[in-house]
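Structure, as structure tokens:
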Amino acid sequence: MLFVLYDDYESFLEQGERVIYRLNSNIEKSQIRSFTTFNKNFEDVIEDTGCKKIYILDIEVKGSISGIEVAKKIRKSDWDSIIIMVTSHTELGYEALKAQIMLLDFISKYNDWEESLYQALVKASSLLNNKKVIILDSNGMTYRIHTSEIIYILKDSKERKCTIKTKTDEIQVSQNIADLGKKLDQRFFLSHRSCYINLDQIANIDWKNGEIHFRTGDSIDYLARDRKKEL
């Protein structure tokens with residue numbers, strides 16, 4: 001996850017970074033990018049689709065474009081990242097709303113803004129974890145799959161392929177299950193050496209027969225004995 005701060009005052013950038021570290025003290029410095037002006041490096045961050053991002057943008061930035069204009073650039077190609085607007089000009093809230101840039105929150109710098117930002121970041125992190133996307137290339141096709149849509153992933157017993165079962169589709173990819181497992185989040189469980197299941201999608205489990213039934217009506221019998229206790 002990448003946190004992007006945009007403000008013309010260094011003091012506000014430093015305060016914003018402190019709030020981010022409060023959210024997660026294990027965040028690495030490379031996961032925070034701070035900008036006082038909109039430049040080529042900032043453009044490169046926006047164009048990089050390889051990670052989840054939370055933007056914290058000041059509306060009015062002296063000597064550069066506004067946070068609203070930056071948000072418009074982000075939304076040209078990215079509707080998955082979270083945008084939080086911070087301002088000392090609350091009267092500009094209507095302008096931000098009118099821009100249709102899908103803000104998570106609009107925070108005043110004069111109203112306990114660090115605590116408000118912290119609460120907004122908690123919500124943003126939760127949303128991004130639920131919106132995680134994996135991008136896979138297979139047989140000349142590129143697939144962009146929301147992990148929340150995945151029911152299970154099943155390894156082919158003969159070929160070096162896996163079937164990804166989603167709520168609406170079955171996708172075969174030429175990757176092994178270990179590599180796919182590295183792309184998944186905490187909601188997925190290795191129920192068998194050949195299968196990952198989405199815990200959020202489970203309806204019930206038949207422990208006696210080793211069957212897992214999902215909310216979609218699908219079911220599988222890939223539940224190893226040595227995995228039952230942990231599940």
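Predicted model only: the values in this text are computed from it and were never measured. Just the heavy atoms: all of them, side chains too, but no hydrogens, waters or symmetry mates, feed the values below.
Taking the six-membered ring where the residue is Trp, Phe35 and Phe42 present parallel rings, their angle staying beneath 30° rather than reaching 60°.
Among residues at least two apart or in separate chains, side-chain hydrogen bond (donor to acceptor under 3.5 Å, both in side chains) pairs with a member in residues 220-229 are Arg227-Glu230. For residues 174-184, every residue pair satisfying the side-chain hydrogen bond (donor to acceptor under 3.5 Å, both in side chains) rule, not counting sequence neighbours, is listed here: Asn176-Asp179.
Linking Ile, Leu, Val, Met, Phe, Trp and Tyr residues whenever their side-chain heavy atoms come within less than 4.5 Å leaves Leu231 and Leu190 in two separate clusters. Using a 4.5 Å cut-off between side-chain heavy atoms of Ile, Leu, Val, Met, Phe, Trp and Tyr, with links allowed through other members, Ile32 and Val19 fall into the same hydrophobic cluster. In terms of hydrophobic clustering, with Ile, Leu, Val, Met, Phe, Trp and Tyr side chains grouped at heavy-atom distances under 4.5 Å, Leu154 and Leu199 are assigned to a common cluster. The hydrophobic cluster containing Leu117 also contains Tyr9, counting ILVMFWY residues as joined when their side-chain heavy atoms lie under 4.5 angstrom apart, directly or transitively. Under the 4.5 Å side-chain heavy-atom criterion for ILVMFWY residues, a single connected hydrophobic cluster contains both Val4 and Val70.
Put simply, the side chain of Leu103 reaches to within 4.5 Å of the side chain of Ile83, judged on heavy atoms. The closest side-chain heavy-atom distance from Val173 to Leu180 is below 4.5 Å. Between Ile150 and Phe188, the closest side-chain pair of non-hydrogen atoms falls below 4.5 Å. No side-chain heavy atom of Phe214 sits under 4.5 Å from any side-chain heavy atom of Asn198.
Note that CZ of Phe12 and CG of Leu5 are 12.5 Å apart. Values are rounded to the nearest 0.5 Å. Note that the CZ atom of Arg187 and the OH atom of Tyr196 stand 14.5 Å from one another [nearest 0.5 Å]. Interatomic distance, His146 NE2 to Thr166 OG1, rounded to the nearest 0.5 Å: 11.5 Å. The line from OG of Ser219 to CG of Asn209 is 11.0 Å long, rounded to the nearest 0.5 Å. If you take CE on Met141 and CD1 on Ile171, they are separated by 9.0 Å, rounding to the nearest 0.5 Å. For the atom pair CD1 of Ile134 and CD1 of Ile145, the computed distance is 5.0 Å after rounding to the nearest 0.5 Å.
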For the pair Thr163 and Asp156, evaluate side-chain contact (heavy atoms from CB on, under 4.5 Å) and give the outcome as yes or no after the intermediate values. CA-CA 7 Å; Thr163 297; Asp156 190 299; 6.0 Å; no
Begin with the C-alpha distance, continue with both residues' side-chain angles, and end with the deciding distance and a verdict on side-chain contact (heavy atoms from CB on, under 4.5 Å) for Ile56 and Leu121.
CA-CA 9 Å; Ile56 305 163; Leu121 289 178; 4.1 Å; yes
For Glu43 and Lys40, run salt bridge (Lys or Arg N to Asp or Glu O under 4.0 Å): C-alpha distance rounded to whole Å, both residues' side-chain angles, the deciding distance at 0.1 Å, then the answer. CA-CA 5 Å; Glu43 287 181 341; Lys40 180 63 167 61; 5.4 Å; no
Quick one: do Gln15 and Trp113 satisfy side-chain contact (heavy atoms from CB on, under 4.5 Å)? Show the steps, please. CA-CA 10 Å; Gln15 290 171 16; Trp113 87 277; 3.0 Å; yes
Note to self: If you apply the rule side-chain contact (heavy atoms from CB on, under 4.5 Å), what do you find for Ser81 with Ile46, and how did you get there?
What the structure shows: CA-CA 10 Å; Ser81 292; Ile46 292 174; over 6 Å; no
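Other residues, nucleotides and ligands contribute more than 12 heavy atoms inside 6.0 Å of the NZ atom of Lys165. For Lys167, the NZ atom counts as densely surrounded, since its 6.0 Å shell holds more than 12 non-hydrogen atoms of other residues, nucleotides or ligands.
For the residue pair Val61 and Thr36, the shortest heavy atom distance occurs at CG1-O, 3.3 Å. Taking every heavy atom of both residues into account, Ala71 and Ile101 meet most closely at CB-CD1, 3.5 Å. Residue Ile220 comes nearest to Cys195 through the heavy atom pair CD1-SG, 3.5 Å, listed as atom of the first residue, atom of the second, then distance. Taking all atoms of both residues into account, the shortest heavy-atom contact from Ala203 to Arg215 is CB-N, 3.8 Å. Minimum heavy-atom separation, Ile202 to Ile205: CG2-CG1, 3.9 Å. Here the closest non-hydrogen pair linking Lys53 and Val45 is NZ-O, 2.7 Å.
Tyr6 and Ser64 are linked by a side-chain donor-acceptor pair at a separation below 3.5 angstrom, with hydrogens and angles left out of the test.
A salt bridge is defined here as a Lys NZ or Arg NE, NH1 or NH2 lying under 4.0 Å from an Asp or Glu carboxylate O, and Asp58 with Lys109 meets this definition.
Between the side chain of Arg33 and the main chain of Leu2, no donor-acceptor pair closer than 3.5 Å is present. Thr37 places no side-chain N or O within 3.5 Å of a backbone atom of Asn39 that could act as its donor or acceptor partner. In this structure, Asp105 contributes its side chain and Ile107 its backbone to no donor-acceptor pair below 3.5 Å. Remark: side-chain polar atoms of Gln31 are paired, donor with acceptor, to backbone N or O of Met1 under 3.5 angstrom.
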Under 3.5 Å, which donor-acceptor pairs do the side chains of residues 21-30 form with other protein atoms, sequence neighbours left out?
from, atom 1, to, atom 2, distance (Å)
Arg22, NH1, Glu115, OE1, 3.0
Arg22, NH2, Glu115, OE1, 3.1
Asn24, OD1, Asn26, N, 2.9

